[in-house]
Amino acid sequence: MNVIDVLNSEQLKDSVPDFRSGDTVKVYSKVTEGGKERVQMFEGVVTVCKGGGSHAAVTVRRVAHGVGVEKTFLVHSPRVEKIEVSKRGIVRRSRLYYLSEKIGKAARIKEKKAAK
């Protein structure tokens, strides 16, 4: 293995759950305000999963006060504390760009039932 592969493998997190587009996730990220640092949660639907390895990124979308908000997080970044999967969604696409044009009930995603 060369030096770059070793550095990339050291930065990978073990605690990243398995999620896909259409899943509802909670992303806990560290936010610095002034001199203080706190953890802020962002919950929404995964619309895009890009990249792989240490530079994998995920775009999460939610509607806050009638306005659609999308944030992109680097999965293995030290700023991202943890990611939790709330619901599993049933979708037929890997990139859900069409959700940005949908409003209200039209933007719903079918939920995968939990296996008992």
Please table the atom pairs, donor to acceptor, closer than 3.5 Å between any side-chain atom in residues 23-30 and protein atoms at least two apart or in another chain.
from, atom 1, to, atom 2, distance (Å)
Asp23, OD1, Gly89, N, 3.0
Asp23, OD2, Arg20, N, 2.9
Asp23, OD2, Arg88, NH1, 3.1

Report, one line per pair, each donor and acceptor closer than 3.5 Å where one atom sits in a side chain of residues 93-110; sequence neighbours left out.
from, atom 1, to, atom 2, distance (Å)
Ser100, OG, Tyr97, O, 3.0
Arg108, NE, Lys105, O, 3.0

Mind listing the side-chain donor-acceptor pairs of residues 10-19 below 3.5 Å, one per line with the distance, residues two or more places apart or on another chain?
from, atom 1, to, atom 2, distance (Å)
Lys13, NZ, Ser77, O, 2.7
Lys13, NZ, Val80, O, 2.1

Identify every side-chain donor-acceptor pair in residues 49-58 under 3.5 Å, counting partners at least two apart or on other chains, and give the distances.
from, atom 1, to, atom 2, distance (Å)
Ser54, OG, Asn8, OD1, 3.2
His55, ND1, Gly52, O, 3.4
His55, NE2, Gly52, O, 3.4

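Salt-bridge formation is not detected for the pair Lys113/Glu111: no Lys NZ or Arg NE/NH1/NH2 atom is positioned less than 4.0 Å from an Asp or Glu carboxylate oxygen.
Under a hydrophobic-cluster definition in which Ile, Leu, Val, Met, Phe, Trp and Tyr are linked whenever side-chain heavy atoms come within less than 4.5 Å, directly or via other members, Ile83 and Leu74 are assigned to different clusters. Hydrophobic clustering of Ile, Leu, Val, Met, Phe, Trp and Tyr side chains at less than 4.5 Å, counting indirect connections, unites Val46 with Phe73. Val63 and Val69 fall into different hydrophobic clusters, where Ile, Leu, Val, Met, Phe, Trp and Tyr residues are linked whenever their side-chain heavy atoms come under 4.5 Å apart, directly or through other members. Cluster annotation: Val31 is not connected to Val39 through the hydrophobic network of ILVMFWY side chains, with a link wherever side-chain heavy atoms come within less than 4.5 Å.
Residue Arg92 places its CZ atom among 12 or fewer non-hydrogen atoms of other residues, nucleotides or ligands, all under 6.0 Å distant. Remark: Leu7 CG is packed, more than 12 non-hydrogen atoms of other residues, nucleotides or ligands lying under 6.0 Å away.
For Glu81, there are no salt bridge (Lys or Arg N to Asp or Glu O under 4.0 Å) partners at least two apart in sequence or on another chain. Checked against salt bridge (Lys or Arg N to Asp or Glu O under 4.0 Å), Glu43 has no partners two or more places apart in sequence or in another chain.
To the nearest 0.5 Å, atom OG1 of residue Thr32 and atom CD of residue Glu37 are 4.0 Å apart.
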